[in-house]
Colleague: 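Sending over a structure as structure tokens; questions will come in a sec.
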Amino acid sequence: MGDAGTGEFEYSNLSGRPPGRFIGAAGLVFRGIRRVQRQVEPYAREWGQHNRAALSASGPLWVALGDSMAQGIGASVPWRGWVGQLALSIPQYRLVNLSISGGLVADVLDRQLPAMEALGVVPDLVTCLIGSNDLMNPRHRPGTGDRMYELLARLPVGTVVGNQPGTFDAALEVNALIDDAVARRGLVLAELRDPRTRHWRGKLSADRFHPNDRGYAGIAAVFAEALDRR
């Protein structure tokens, strides 16, 4: 993976997978979906460049784990996603964003956590928001609870974890696991069952799925409040 300390960090913020069948088909019809999907590669490249620069700098280290929302897909620029907006309020941290668009819980387990461990530095802050892609895709939904349980057991104490705003059964199962891990392991909850992150009128991007700048601002605010409690 390269020597993180010299800035030669070779981690890729791309999943290496093609878009899902639904996204691929819908993108042929809907211009907004195509427009947002065109952000995936340039946003990943920008985060990769930023990560290498951050690892060459000094100061407290923040590692962000997650999916396209941590990449800022749907925002006007990568730094208007929730991770980028939160970074503006905590400039003392150098940020390494290991998220990938289309990310699943398995990607955090198999790629992002090992990459974080390979940095050779214990992060001062870890944030994690993952699971929506698992829950929304029937192909990935089976076993999501087991994978989330493993992830919550491996996250460092003090990690700020976002839950799921949905109220369907699979989301409630994931949220119960998160609530239990917060109580037992000293994780910190970013409570996304909040009006700012459950009501999306005027807060969605052109694909009607990812947040826009305003929608991401709500998520960033919830994580900022969790950091204050931490």
Side-chain angles (χ1 to χ4, degrees), residues 1-5 7-17 36 39-133 151 154-156 158-162 188 190 192 205 210-211 213 215-217 219-224 226-227 230:
M1 189 171 292
D3 185 348
E8 298 174 2
F9 188 54
E10 299 174 3
Y11 179 86
S12 173
N13 288 96
L14 291 170
S15 71
R17 298 187 294 265
V36 172
Q39 295 177 334
V40 171
E41 290 194 13
Y43 280 33
R45 285 197 301 271
E46 182 159 337
W47 282 119
Q49 292 169 0
H50 169 82
N51 289 342
R52 289 188 288 274
L55 288 168
S56 296
S58 59
L61 177 64
W62 164 25
V63 175
L65 310 172
D67 55 23
S68 59
M69 291 198 291
Q71 289 278 287
I73 302 300
S76 55
V77 294
W79 284 87
R80 298 306 296 167
W82 77 263
V83 167
Q85 293 195 50
L86 179 61
L88 295 176
S89 67
I90 49 173
Q92 67 272 29
Y93 288 95
R94 53 192 176 115
L95 165 62
V96 172
N97 188 344
L98 298 178
S99 65
I100 59 174
S101 184
L104 303 165
V105 177
D107 291 311
V108 181
L109 289 169
D110 298 339
R111 292 185 54 186
Q112 297 180 35
L113 284 178
M116 181 174 75
E117 293 161 359
L119 295 176
V121 180
V122 177
D124 300 275
L125 170 64
V126 178
T127 59
C128 182
L129 177 56
I130 196 70
S132 61
N133 291 321
L151 172 60
R154 288 176 57 183
L155 290 173
T159 297
V160 182
V161 183
V188 180
L192 297 175
S205 66
H210 290 93
D213 293 13
Y216 280 126
I219 300 174
V222 169
F223 270 84
L227 284 178
R230 180 177 180 267

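These figures come from a predicted structure and were not determined experimentally.
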Colleague: So do Trp62 and Val83 actually touch side chain to side chain, heavy atoms under 4.5 Å?
Modeller: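 In contact.
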Colleague: Would Arg52 pass as a cation-pi partner of Tyr11, given that its NZ or CZ must be under 6.0 Å from the six-membered ring centre and within 45 degrees of the axis?
Modeller: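 Verdict for Tyr11: no cation-pi partner in Arg52.
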Colleague: Can you establish whether the number of heavy atoms outside Glu41 located under 6.0 Å from its atom CD is more than 12?
Modeller: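 Atom CD in Glu41 is not packed in, count stays at 12 or less.
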Colleague: Could you report the tightest heavy-atom contact between Tyr43 and Ala75, atom names first, then the distance?
Modeller: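 Taking Tyr43 first and Ala75 second, the nearest heavy atoms are OH-O, 2.7 Å.
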Colleague: Kindly determine whether Val126 and Val160 satisfy side chain to side chain contact (heavy atoms under 4.5 Å, CB included), including the steps that lead there.
Modeller: CA-CA 6 Å; Val126 178; Val160 182; over 6 Å; no
Colleague: Looking at side-chain heavy atoms only, is the closest gap between His50 and Pro78 below 4.5 Å?
Modeller: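 Result no, sub-4.5 Å side-chain heavy-atom pair not found.
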Colleague: Are Glu46 and Asn13 packed together at the side-chain level, in the sense that at least one heavy-atom pair is separated by less than 4.5 angstrom?
Modeller: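 Glu46 vs Asn13: side chains apart.
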Colleague: Return yes if some donor-acceptor pair links the side-chain N/O of Asp67 with the main-chain N/O of Ser101 below 3.5 Å, else return no.
Modeller: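 Answer holds: no.
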Colleague: Where do Ile219 and Leu129 come nearest, in terms of heavy atoms and distance?
Modeller: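 Scanning both residues, the minimum pair turns out to be CG2-CD2, 4.3 Å.
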Colleague: Provide the closest heavy-atom pair for Asn97 versus Ala70 in the form atom of the first, atom of the second, distance.
Modeller: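 Looking at all heavy atoms of both residues, the shortest contact is ND2-O, 2.9 Å.
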Colleague: Using modelled atom types only, decide if a donor and an acceptor are shared between the side chain of Arg111 and the backbone of Leu98 within a distance under 3.5 Å.
Modeller: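 No; zero donor-acceptor contacts below 3.5 Å.
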Colleague: Would you check if the side chain of Asn133 reaches a backbone N or O of Gly103 as a donor-acceptor pair within less than 3.5 Å?
Modeller: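 Here the side-chain-to-backbone pair exists.
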Colleague: Answer yes if the side chains of Ser99 and Gln71 hold a donor-acceptor pair under 3.5 Å, and no otherwise.
Modeller: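 There is such a pair (donor and acceptor under 3.5 Å, judged by atom type) between the side chains of Ser99 and Gln71.
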Colleague: Does any N or O in the side chain of Gln112 come within less than 3.5 Å of the main-chain N or O of Gly66, such that one atom is a donor and the other an acceptor?
Modeller: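 It does hold such a pair.
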Colleague: Between Val121 and Arg94, what is the shortest heavy-atom contact and its length?
Modeller: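 Scanning both residues, the minimum pair turns out to be CG1-NH2, 4.4 Å.
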Colleague: Using side-chain heavy atoms (C-beta onward) and a distance below 4.5 Å, is Pro211 in contact with Met69?
Modeller: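 The answer is yes; the side chains approach within 4.5 Å.
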Colleague: Take Asp213 and Val77 through the test side chain to side chain contact (heavy atoms under 4.5 Å, CB included) and record every step on the way to the result.
Modeller: CA-CA 9 Å; Asp213 293 13; Val77 294; 6.0 Å; no
Colleague: When rounded to the nearest 0.5 angstrom, what distance separates CG in Leu119 from CG in Asn51?
Modeller: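 If I round to the nearest 0.5 Å, the distance is 9.0 Å.
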Colleague: Checking the side chain of Gln85 only, and the main-chain atoms of Ala220 only, is there a donor and an acceptor separated by less than 3.5 Å?
Modeller: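 It does not hold such a pair.
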Colleague: Atom CD1 in Ile90, atom CG in Leu227: separation rounded to 0.5 Å?
Modeller: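 Ile90 atom CD1 to Leu227 atom CG measures 5.5 Å (nearest 0.5 Å).
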Colleague: So do the side chains of Val63 and Tyr93 get within less than 4.5 Å of each other, counting heavy atoms only?
Modeller: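 Val63 vs Tyr93: side chains apart.
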Colleague: If we ignore hydrogens and angles and just use 3.5 Å, is the side chain of Asp107 paired with the main-chain N or O of Leu104 as donor and acceptor?
Modeller: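 The answer is yes, because a donor-acceptor pair under 3.5 Å joins these two groups.
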Colleague: Can you find a pair of side-chain heavy atoms, one from Phe223 and one from Val188, that are under 4.5 Å apart?
Modeller: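 Counting from C-beta outward, Phe223 and Val188 never come under 4.5 Å.
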Colleague: Please name the pair of heavy atoms, one in Leu14 and one in Ala44, separated by the smallest distance, quoted to 0.1 Å.
Modeller: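 Smallest heavy-atom distance, with atoms named: CD2-CB, 3.6 Å.
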Colleague: With respect to Leu151, which candidate in Leu113, Leu65, Val161 satisfies the side chain to side chain contact (heavy atoms under 4.5 Å, CB included) definition?
Modeller: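 Output: one option passes, namely Leu113.
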Colleague: Of all the heavy-atom pairs spanning Val36 and Gly74, show the shortest one and how long it is.
Modeller: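 Heavy atoms of Val36 and Gly74 come nearest at CG1-N, 4.0 Å.
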Colleague: Not counting sequence neighbours, which residues clear side-chain hydrogen bond (donor to acceptor under 3.5 Å, both in side chains) with Tyr216? List them please.
Modeller: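 Per chain and number, Tyr216 pairs via side-chain hydrogen bond (donor to acceptor under 3.5 Å, both in side chains) with no residue.
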